[in-house]
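See below for the structure under consideration.
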Amino acid sequence: MDECLAFITGVQFRHSSTNPSPQEQKPDETTATSNPSVENTSQPEQKSDVNVKQLQEQNVKLTEDVNEFKDRYKRALAETENTRIRFTKLVNDAKIFGIQGFCKDLLEVADILNLALTNTPQQPSTDLATLTKDFNNLRQGLAMTEERMQKIFTKNGLLQIKPNEGDKFDPNFHDALFQAKLPDKTSGTIIQVMKTGYRLQDRVIRAAQVGVAQ
């Protein structure tokens with residue numbers, strides 16, 4: 001009997017020594033579970049640091065882009081203003097010097113007139129032959145002047161409006177100064193040309209001044 005009790009007591013003692021109590025296991029479990037929590041708290045701090053750095057880099061890049069766009073905008077404004085000034089100068093020069101070629105051609109007419117005046121005596125001669133010669137020279141000089149001037153007009157697009165008697169009156173090109181009833185003339189026809197008209201290309205500068213039959 002005593003041997004049985006001693007055997008049972010020995011078994012219980014060994015079992016209690018090999019199985020620790022729950023209170024003894026708690027410190028180990030707390031220690032084991034405390035390490036992951038520390039690691040989890042450190043990860044958000046690292047992520048926040050990365051996000052701030054990325055935002056700072058983006059801010060620097062955006063600032064550089066804004067400055068670059070501002071510089072381009074200012075340069076574009078300056079170039080536009082320079083173009084406007086150049087264009088205005090070209091327009092003003094065209095207004096002032098647009099007829100430079102025409103004026104240069106007219107200098108030839110002035111030279112011919114000057115030559116005619118130089119070769120014409122200031123006092124008429126009493127000799128009929130000399131007087132006739134001077135008159136013919138003057139007439140020839142005037143004819144040359146008129147011919148040269150008309151060539152210059154044609155070269156620059158200035159054309160004559162010179163109707164003939166009997167032509168039909170056209171209000172687009174003719175200006176009726178008077179009307180007269182003539183039995184041998186058809187109504188609405190030109191009976192007399194007082195002044196030649198001119199047109200620049202297709203635009204009438206001055207209509208021909210005429211008389212019209214009623």
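One is the number of the first residue; the rest follow in order along the sequence.
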Can you check whether [X] reaches [Y] side chain to side chain, under 4.5 Å on heavy atoms?
| X | Y | value |
| --- | --- | --- |
| Gln192 | Phe178 | yes |
| Gln100 | Lys104 | no |
| Arg84 | Glu81 | yes |
| Ile152 | Lys155 | no |

Within the side chain of [X], is there an N or O that forms a donor-acceptor pair under 3.5 Å with the backbone of [Y]?
| X | Y | result |
| --- | --- | --- |
| Asn82 | Ala78 | yes |
| Asp170 | Asn172 | yes |
| Asn136 | Thr132 | yes |

Hey, what do you get for [atom1] ([X]) to [atom2] ([Y]), rounding to the nearest 0.5 Å?
| X | Y | atom1 | atom2 | result |
| --- | --- | --- | --- | --- |
| Thr145 | Gln150 | OG1 | CD | 11.5 Å |
| Thr63 | Asn59 | OG1 | CG | 4.5 Å |
| Gln214 | Thr189 | CD | OG1 | 11.5 Å |
| Asn67 | Leu62 | CG | CG | 11.0 Å |
| Lys195 | Asp175 | NZ | CG | 10.0 Å |
| Lys151 | Glu108 | NZ | CD | 10.0 Å |

Apart from Val210 itself, what residues make up its hydrophobic cluster, given side-chain heavy atom links below 4.5 Å?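 Hydrophobic cluster check, Val210: joined to Phe169, Ile190, Val193, Val212.
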
Check which hydrophobic residues are tied to Val66 through side-chain heavy-atom contacts below 4.5 Å, counting indirect links as well, and list them.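 For Val66, no cluster forms, as it stays isolated from other hydrophobic side chains.
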
[X], [Y]: one ILVMFWY side-chain cluster at the under-4.5 Å cut-off?
| X | Y | answer |
| --- | --- | --- |
| Tyr198 | Phe102 | yes |
| Val109 | Leu158 | yes |
| Leu159 | Ile205 | no |
| Leu106 | Leu113 | yes |

Tell me whether the count of non-hydrogen atoms from other residues, nucleotides or ligands lying under 6.0 Å of [atom1] in [X] goes above 12.
| X | atom1 | result |
| --- | --- | --- |
| Met144 | CE | no |
| Arg206 | CZ | yes |
| Ile99 | CD1 | no |
| Arg203 | CZ | no |

Please name the pair of heavy atoms, one in [X] and one in [Y], separated by the smallest distance, quoted to 0.1 Å.
| X | Y | answer |
| --- | --- | --- |
| Ala116 | Gly141 | CB-CA, 4.5 Å |
| Ala213 | Lys185 | CB-CB, 3.8 Å |
| Val204 | Arg199 | CA-CB, 3.9 Å |

What I want to find out is whether Glu57 reaches Lys61 closely enough, with some N-O distance under 4.0 Å, to be called a salt bridge.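 Here Glu57 does not pair with Lys61 in a salt bridge, since their nearest N and O are not under 4.0 Å apart.
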
If the threshold is 4.0 Å, N to carboxylate O, is there a salt bridge linking Arg75 and Glu79?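 Salt bridge between Arg75 and Glu79, a charged N being under 4.0 Å from a carboxylate O: no.
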
Taking side chain to side chain contact (heavy atoms under 4.5 Å, CB included) as the criterion, tell me which of Leu131, Asn137, Leu138, Asp134 meets it with Pro121.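 Between Pro121 and the candidates, side chain to side chain contact (heavy atoms under 4.5 Å, CB included) is satisfied uniquely by Asp134.
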
Phe135: partners by ring pair (Phe, Tyr, Trp, His ring centres under 6.0 Å), with sequence neighbours left out: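 Counting only residues at least two positions away or on another chain, Phe135 forms no ring pair (Phe, Tyr, Trp, His ring centres under 6.0 Å).
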
